[in-house]
Number of protein chains: 2
Amino acid sequence: MDGEAIKRSLEERGLRCTPQRYAVMAFLMEQNSHPTAAETFEAVNRVDPRSSRATTYNNLRDLVKAGLVREVAVEGRAARYDAQGVRHHHFICDRCGEVEDVDWYEVRKPASRALGKRYVRECEVIFRGLCARCARRRSSR
Amino acid sequence: MDGEAIKRSLEERGLRCTPQRYAVMAFLMEQNSHPTAAETFEAVNRVDPRSSRATTYNNLRDLVKAGLVREVAVEGRAARYDAQGVRHHHFICDRCGEVEDVDWYEVRKPASRALGKRYVRECEVIFRGLCARCARRRSSR
DNA sequence: TCTCAGATTAGATATATTCCAAATAGTTCA
DNA sequence: TGAACTATTTGGAATATATCTAATCTGAGA
Ligand SMILES: [Mn+2]
Ligand SMILES: [Mn+2]
Ligand SMILES: [Zn+2]
Ligand SMILES: [Zn+2]
């Protein structure tokens, strides 16, 4: 996605394409990792235009609401963000909290009777265990 | 599970059965909701023995490590805890953050090639959307 | 060019969680 | 039993994370 495409995707969702908001979106898109808000804030401020902490948080919130960015909560750690590219699942490391992508595959939905009056928007799978690095570290002791 | 059973399950995992730790475990087991650490702290302190905030957090951490309690991270909100009864999945409300149980069903694991050198301990499904209450509230406007 | 809702800002504030060092309470074993 | 050892508890301080506030700025459309 190039600059124009980012601009368009923001405006389609009623968000102005401000330099700060653009910078957050562009940064997240070029990462394959899952940056925290603090990392995003720092990265955006290494280049112009600068952005305040509040604006970084505001923009992350707005982008999540608009469906352009996914937020991943990790127990005991800061939330991580992910510019929705192709659909995928996540692996979260029990030891270091690292979030990694796992190729998408269709998951069987539960019986609708089990969902009652709830409205289900999505259905994600989270794999847990040890990332490659932590698994290695663990076995070599 | 009665008192003796709780005591045994703690000791099997090398944890002393202290009054504070027991109280946390017993409280979580009698809830069908998913209390936060703050709610647990408050509940435990409505009855004897009392427990400090640090001890409540310590015990929740120890119980999670021991595999007796599950921690559920919710974006932008305090973590929630769940005394592992029967295996189940979770539904998390986009609006109010409520965590609800969904009957367990087996999920297909991804191709092992997609997991590389990771060690996968578990594979959970999280449903997202609006809980019954928020769905009602939403449609009646 | 004017207007104004949307956006940004620095700093204060709120919330959630962990750390710390001293005191206490179980457990083991002489 | 009771000394010795260790796990646990404690209150308060400290840290981490996230949101709020009120003043100011910006840019898209009229
Ligand atoms: Mn991802
Ligand atoms: Mn549950
Ligand atoms: Zn790891
Ligand atoms: Zn709800």
Side-chain angles (χ1 to χ4, degrees), chain A residues 3-4 6-8 10-25 27 34-45 47-66 68-69 71-81 95-97 99, chain B residues 6-8 10-25 27 34-45 47-66 68-69 71-81 95-97 99:
Chain A
E4 264 312 306
I6 292 180
K7 185 165 188 293
R8 243 180 298 115
L10 290 173
E11 288 171 350
E12 271 166 16
R13 283 153 233 254
L15 294 174
R16 283 192 192 162
C17 180
T18 66
Q20 290 83 354
R21 185 172 286 153
Y22 179 94
V24 166
M25 191 64 199
F27 169 68
H34 298 81
T36 60
E39 286 164 357
T40 305
F41 169 68
E42 207 202 353
V44 163
N45 281 281
V47 293
D48 270 329
R50 307 309 172 86
S51 178
S52 72
R53 182 185 321 283
T55 295
T56 304
Y57 273 96
N58 287 343
N59 281 326
L60 285 168
R61 195 220 311 106
D62 295 345
L63 292 169
V64 167
K65 256 199 226 157
L68 291 171
V69 165
E71 182 174 355
V72 184
V74 183
E75 32 297 305
R77 304 182 130 92
R80 297 186 162 273
Y81 297 88
R95 250 194 93 266
C96 70
V99 175
Chain B
I6 292 181
K7 184 165 189 294
R8 244 180 298 115
L10 290 173
E11 289 172 349
E12 271 166 16
R13 283 153 232 255
L15 294 174
R16 282 187 190 164
C17 180
T18 67
Q20 291 83 355
R21 185 171 287 151
Y22 179 95
V24 167
M25 191 66 199
F27 169 68
H34 297 81
T36 60
E39 285 163 359
T40 305
F41 169 68
E42 207 202 353
V44 164
N45 282 280
V47 294
D48 270 329
R50 307 309 172 84
S51 179
S52 71
R53 182 185 320 282
T55 294
T56 304
Y57 274 97
N58 287 344
N59 281 327
L60 286 168
R61 195 220 310 107
D62 295 345
L63 292 170
V64 168
K65 256 198 227 160
L68 291 170
V69 165
E71 182 175 355
V72 185
V74 183
E75 33 297 304
R77 302 182 132 93
R80 297 186 162 273
Y81 297 88
R95 247 193 96 267
C96 70
V99 175

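Counting to the nearest Å, the P atom of C:dT8 and the CZ atom of A:Arg61 are 11 Å from each other. Following rounding to the nearest Å, B:Arg53 (CZ) and D:dA13 (P) show an atom-to-atom distance of 13 Å. Atom C1' of nucleotide D:dT17 and atom CD of A:Glu42 are separated by 16 Å, given to the nearest angstrom. Taking atom CD of residue B:Glu71 and atom P of nucleotide C:dA16, one finds them 14 Å apart after rounding to whole Å. Separating the CD atom of B:Glu75 from the C1' atom of C:dT15 is a distance of 16 Å, rounded to the nearest angstrom. Atom CZ of A:Phe41 and atom C1' of D:dA16 are 15 Å apart (whole Å). Atom-to-atom, NZ of A:Lys65 to P of C:dA7 comes out at 11 Å; the value is rounded to the nearest Å. Rounded to an integer number of Å, the gap from A:Leu63 CG to C:dT8 P is 10 Å.
Within the 4.0 angstrom heavy-atom criterion, only backbone atoms of the sugar-phosphate kind lie near B:Ala79; the bases stay farther away. Nucleic acid contact class of B:Thr36 (heavy atoms, under 4.0 Å, all strands): none. Residue contacts for A:Arg21: at a heavy-atom cut-off of 4.0 Å it reaches the sugar-phosphate backbone alone, with no base atom in range.
For A:Gln20, counting side-chain heavy atoms from C-beta on, the closest listed nucleotide (C:dC19, C:dA7, C:dT8) is C:dT8. Looking at the side chain of A:Tyr57, the nearest of the listed nucleotides C:dC20, C:dA10, D:dT19 is D:dT19. For B:Ser51, the listed nucleotide lying nearest its side chain is D:dT10; candidates were C:dA10, D:dT10, C:dT17. Nearest to the side chain of B:Ala54, among D:dT6, C:dC20, C:dG11, sits C:dC20. Side-chain proximity of B:Arg16 to the nucleotides C:dT17, D:dA18, D:dA7 is greatest for D:dA7.
Phosphate contact (OP1/OP2 of C:dT8, side-chain N/O of A:Asn59, threshold under 4.0 Å): present. A close approach under 4.0 Å does occur between a side-chain nitrogen or oxygen of A:Thr55 and OP1 or OP2 of C:dT9.
Using modelled atom types, one finds a donor on one side chain and an acceptor on the other under 3.5 Å when comparing A:Arg21 with A:Asn59.
Look at A:Arg8 and A:Glu12 and you find no salt bridge, because none of the NZ, NE, NH1 or NH2 atoms lies under 4.0 Å from a carboxylate O.
Heavy atoms only, all atoms of each residue included: A:Phe41 and A:Ser51 are closest at CE1-O, 3.2 Å.
Nucleotides of DNA chain C nearest to A:Thr18 and B:Glu11 differ in position, and the one nearer the 5' end is that of A:Thr18.
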Walk me through it: do B:Leu68 and B:Met25 pass the test side chain to side chain contact (heavy atoms under 4.5 Å, CB included)? CA-CA 8 Å; B:Leu68 291 170; B:Met25 191 66 199; 4.0 Å; yes
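Just one of B:Thr36, B:Leu63, B:Val64 meets the side-chain contact (heavy atoms from CB on, under 4.5 Å) condition when paired with B:Tyr81; it is B:Val64.
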